[in-house]
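Okay, so here's the structure we're looking at.
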Amino acid sequence: MRTRAAVICTGMLTGIMLAIPVAWADDLEIDPVSVQPGGDITVSGGCKDNDSFVSISGAASGRGAVSTGYFSVQATVKKVEPGRYTVISKCVPSGYPQTGRIKVEKAGRGDGDRKPDGWVKTGGGGTQEPGFPWTEAGLVLVAGAAGIGGVAFVRSRARG
């Protein structure tokens, strides 16, 4: 009887873990998200407190200073074909990396031709501290809740 309850709990926990989609979000705030080749963007994000500067690479290049763990750096988009590209920041000396995505559009496309896309750009910023393992913390909470539920289920089945 206990074996069957343990198998059921294990199966339920496995099903829950497989059903939870993992969200991969960009770490960097990039403005504007759509840009022409050779255009300028502002890349913002966080570093460790002891970092002194940040280097931007990937589809754009730039450098800047880190102030109290955060940065906002002007970068220039490389002359690439239209498409979606990754921008990478690396904090120095910690080496803490972050990524973000930009959309490179055809050169010569004027503002009058733009169609709305994406989310509303209202400013603000992230509320999460850089480097905190949000996914792992969520998985630990789900596993803990499933474990408590499994123990309660097994105990109630054992009493009859």
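In this text the structure is predicted, and so the values were computed from the model without any measurement.
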Exercise. State which residue, out of V54, V73, V92, fulfils the side chain to side chain contact (heavy atoms under 4.5 Å, CB included) condition with V66.
Key: V54

Exercise. Group every Ile, Leu, Val, Met, Phe, Trp and Tyr by side-chain heavy-atom contacts under 4.5 Å, then state whether Y85 and V35 land in the same group.
Key: yes

Exercise. Check the hydrophobic clustering (I, L, V, M, F, W, Y; side-chain heavy atoms under 4.5 Å; chains of links allowed) and say if V80 and I56 are grouped together.
Key: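 Both belong to a single hydrophobic cluster.
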
Counting only N and O atoms by type, is there a donor-acceptor contact under 3.5 Å from the side chain of [X] to the main-chain atoms of [Y]?
{"X": "D51", "Y": "C91", "value": "no"}
{"X": "Q36", "Y": "V104", "value": "no"}
{"X": "K48", "Y": "G69", "value": "no"}

Exercise. Would you check, one step at a time, whether the test side chain to side chain contact (heavy atoms under 4.5 Å, CB included) holds for R63 with F53?
Key: CA-CA 7 Å; R63 300 178 77 153; F53 72 94; 2.9 Å; yes

To the nearest 0.5 Å, what is the distance between [atom1] ([X]) and [atom2] ([Y])?
{"X": "I41", "Y": "L28", "atom1": "CD1", "atom2": "CG", "answer": "9.0 Å"}
{"X": "I102", "Y": "K78", "atom1": "CD1", "atom2": "NZ", "answer": "10.0 Å"}
{"X": "K103", "Y": "S34", "atom1": "NZ", "atom2": "OG", "answer": "5.0 Å"}
{"X": "F71", "Y": "C47", "atom1": "CZ", "atom2": "SG", "answer": "5.0 Å"}

Quiz prompt | T42-D31 side chain donor-acceptor pair, cut-off 3.5 Å | solution =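 On atom types as modelled, these side chains do not qualify, holding no pair under 3.5 Å.
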
Quiz item: Among side-chain atoms of R101 and T86, is any donor-acceptor pair under 3.5 angstrom?
Solution: yes

Quiz prompt | Side chain proximity check, V77 to D40, heavy atoms < 4.5 angstrom | solution = no

Minimum heavy-atom separation for [X] and [Y], please, with both atom names.
{"X": "K106", "Y": "P82", "result": "CG-CG, 3.8 Å"}
{"X": "G38", "Y": "K79", "result": "CA-NZ, 4.1 Å"}
{"X": "P93", "Y": "S52", "result": "CD-N, 4.1 Å"}

